[in-house]
Amino acid sequence: MKKIMIDLDETIVSGGYIESLNDYLGTNYKVGDIKEYYISDILPPEENDKYLDHFYKNVNVYDKSHLIPGALEVIEELKNHYEIYICTAFYDKRKPEACAIMAKHKYTWILKNMPYIDPKKILLTSAKELVMCDVKIDDKVSNLKRGYGKIKLLLTQKHNEDYSDEELASLGIMRVHNWQEIRSILIEGVLP
């Protein structure tokens, strides 16, 4: 059976990071307002450090995250055709010790919301390029362009929309805009 590696943040769930920043700043940013991959990068360096201390001590982003439409339904359907691995990064080089709590938050959320995923197939790593698989689904180009994967699907998010289709094609990456497109490609065999 072919193996699929699926990212969690901004691929299955979204919004928790921006909501935590809004709570901290008293702002009203919406998903898509910030183009940076790490939304805290909009802060000045000294404030970024304070925010990250607060974030890792006080925030579980999955309490405020929402599901990307169709994600859970399509993944549950995919498990009938593929071996599914949820592969999510938790390491933050800016706060290497404090970020360990993210592994717990992620693992707990996956267990609760995706009971059809074998817990042994939940991979918590920032070295996604080492995971041998046939298909990769992610929102971060750098996670897709390195390593294994015959089919590499980039789920469109604000931080990756500046990549042209030609640039992605040169990296062997195909852009998808939603989970129904992913379903069409991986279950129905319909390529764009």
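One-based numbering along the sequence shown.
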Note: K140-D7 ion pair, threshold 4.0 Å (strictly below)
no
Under 4.5 Å between any side-chain heavy atoms of K121 and I84, yes or no?
no
More than 12 heavy atoms of other residues, nucleotides or ligands under 6.0 Å from CD of E97: is that the case?
no
Student check: side-chain heavy atoms of I173 and K145 closer than 4.5 Å
yes
Answer yes or no: is there a donor N or O on one side and an acceptor on the other, between the side chain of K152 and the main chain of L144, under 3.5 Å?
yes
K79/D118 ion pair, N-O < 4.0 Å
no
Hey, is NZ on K35 packed in by over 12 heavy atoms from elsewhere, all under 6.0 Å?
yes
Can you confirm whether more than 12 heavy atoms, excluding those of Y37, are under 6.0 Å from its OH atom?
yes
From T88, D139, N113, I86, residue fulfilling side-chain contact (heavy atoms from CB on, under 4.5 Å) relative to I12
I86
Students often mix this up, so state it plainly: with edges at 30° and 60°, are the rings of W109 and Y62 parallel, tilted or perpendicular?
tilted
Row check, Y82 ring normal vs K2 NZ/CZ: under 6.0 Å, within 45°
no
Run the salt-bridge test on E19 and K64 with the 4.0 Å N-O cut-off and return the result as yes or no.
no
Under a 4.0 Å threshold between the charged nitrogen and the carboxylate oxygen, would D92 count as salt-bridged to R94?
yes
Side chain to side chain donor-acceptor pair (under 3.5 Å) evaluation trace for S40 with Y17:
CA-CA 9 Å; S40 60; Y17 291 95; over 6 Å; no
